[in-house]
Amino acid sequence: MAASSVIVTAHQNPDGDAIGSSLGLCNCLKALGKTCRVVIDDKLPESFGILPGFDAVEQFAAGSSYSCDLLVVLDCEPDRTGQVYEHVTAADRLNIDHHMTNANSETDVYLDAGAAATAEIIHDFLPYLWKISDGAAGEFSPAIALPLYTGMATDTGFFRFSNTTPHTMRAAANMIEAGAAPNVVSEALEQRPLEEVVMMARAVAMVEMYHEGRVAAIFLDNEFMQQVDSIEGLVGRIRVIAGVEIAVVLKEKEPGLCRVSLRSKGRDVTRIAARFGGGGHVRAAGCTIEQPFPAAKAALLQAIDEEFASDGN
Ligand SMILES: [Mn+2]
């Protein structure tokens, strides 16, 4: 590999795969004697602080200059890196991703939509990198294994989602053999502040059922939202209710600005999200409704009514 300096970046609102695949690759390149930085145009969730190299990740700073031999964009197309892609001066650019929707046409792209995570692709790719790196015998050290394991675990819901393949689990097993401890990752990521757990319980108790129990919904107004820093994973808590086909959570983040998460067990919830300019996947979609809480709630319930009426089921 000719490049001696590398910048690795990933998408804004970085998740376990964005951070894990970036740190896994970066820690590998450093072990090969390369200069490597991870630069992301966003804050990183503190819960990923267990990952080796986390403290060295740089948040993109406008006005700083960034240059390298090779820029690697992971887990997204260049447009989703915020300001990083356009502000880095690089001789070469490479994009590695597993999102079917990657529409990048200007950079060398390695896209494997069959991979559960970008970290899984990096796991497959590193042995080839070691073969072409003269003299430097590479190996999956714990500093590489823990981030890559984290990427695979988080993008598969800890190996429960339908994207989990035998190959994913073999790759994850390799990472455990190399030193990644699954409990260290799950304990760090599941940890929540007391107030969030208490507010979560309060929110779940506010569930409202519609369409004879086929729709479960929670509506949180701005007054509620102001009492908690964050409240994540709520929609998953009500999706599991027996008989529920669609689970919905509406949060009034600011007065007049409501964010909606939709989950289903098969129904296409992008059809509901699209009515408000949103999108996503068949079973997981989202949208923003820029209306005051009562109006947004009414509009969402009406959209769900119309969705049930339109397909006759
Ligand atoms: Mn991913």
Side-chain angles (χ1 to χ4, degrees), residues 7-28 38-45 47-48 50-54 57 60 71-82 84-85 93-104 107-126 140 144-175 180 182 185-186 188-190 232-233 235-236 261 263 270 279-286:
I7 291 179
V8 179
T9 191
H11 53 84
Q12 291 180 296
N13 193 17
D15 57 14
D17 190 29
I19 298 166
S21 60
S22 296
L23 285 175
L25 176 61
C26 186
N27 292 344
C28 167
V38 178
V39 179
I40 292 178
D41 188 5
D42 213 338
K43 282 208 168 93
L44 267 55
S47 50
F48 294 107
I50 53 157
L51 300 182
F54 177 87
V57 175
F60 175 82
L71 174 67
V72 184
V73 177
L74 294 179
D75 202 38
C76 65
E77 56 202 59
D79 286 354
R80 293 182 57 215
T81 65
V84 176
Y85 191 77
R93 288 160 192 263
L94 172 65
N95 182 196
I96 301 173
D97 190 14
H98 70 123
H99 291 94
M100 210 170 51
T101 50
N102 187 314
N104 176 16
T107 302
D108 283 331
V109 188
Y110 180 81
L111 182 67
D112 179 0
T118 300
E120 184 179 339
I121 303 174
I122 300 295
H123 161 275
D124 295 353
F125 163 75
L126 293 190
F140 284 114
I144 298 171
L146 192 64
L148 294 184
Y149 176 86
T150 300
M152 292 184 247
T154 51
D155 262 20
T156 57
F158 285 82
F159 310 102
R160 292 178 303 128
F161 297 161
S162 59
N163 60 353
T164 310
T165 66
H167 180 273
T168 314
M169 299 204 66
R170 287 190 186 103
N174 288 339
M175 297 301 87
V185 178
S186 58
L189 298 187
E190 284 165 0
E232 299 299 328
V235 73
S261 298
R263 297 288 183 276
T270 61
H281 308 280
V282 170
R283 291 159 188 254

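In each ligand, atom 1 is the first atom listed, and ligand 1 is the first ligand listed.
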*Check side chain to side chain donor-acceptor pair (under 3.5 Å) between Ser186 and all other residues, then give those that pass, not counting sequence neighbours.*
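So Ser186 forms no side chain to side chain donor-acceptor pair (under 3.5 Å) with any residue.
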
_Name the residue from Thr107, Thr9, Asn95, Asp41 that meets the side-chain hydrogen bond (donor to acceptor under 3.5 Å, both in side chains) definition with Tyr85._
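Running side-chain hydrogen bond (donor to acceptor under 3.5 Å, both in side chains) over Thr107, Thr9, Asn95, Asp41 with Tyr85 returns exactly one hit, Thr107.
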
*Under the criterion side-chain hydrogen bond (donor to acceptor under 3.5 Å, both in side chains), which of Asp75, Asp79, Asp97 is the partner of Asn102?*
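Of the listed residues Asp75, Asp79, Asp97, the side-chain hydrogen bond (donor to acceptor under 3.5 Å, both in side chains) partner of Asn102 is Asp97.
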
*With the side chain counted from C-beta on, respond yes when Leu189 and Phe48 share a heavy-atom pair under 4.5 Å apart, and no when they do not.*
yes

*asked:* Closer than 2.8 Å to the Mn ion (ligand 1), what protein N/O/S atoms do you find?
replied: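 Listed by chain and number, the nearby protein N, O or S atoms are Asp17 OD2, Asp75 OD1, His98 NE2, Asp155 OD2.
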
*Could you check His98 against Asn163 for side chain to side chain donor-acceptor pair (under 3.5 Å), going step by step and ending with a plain yes or no?*
CA-CA 11 Å; His98 70 123; Asn163 60 353; 5.8 Å; no

*Tyr149 and Phe159 aromatic ring geometry - parallel, tilted or perpendicular at 30°/60° bounds*: tilted

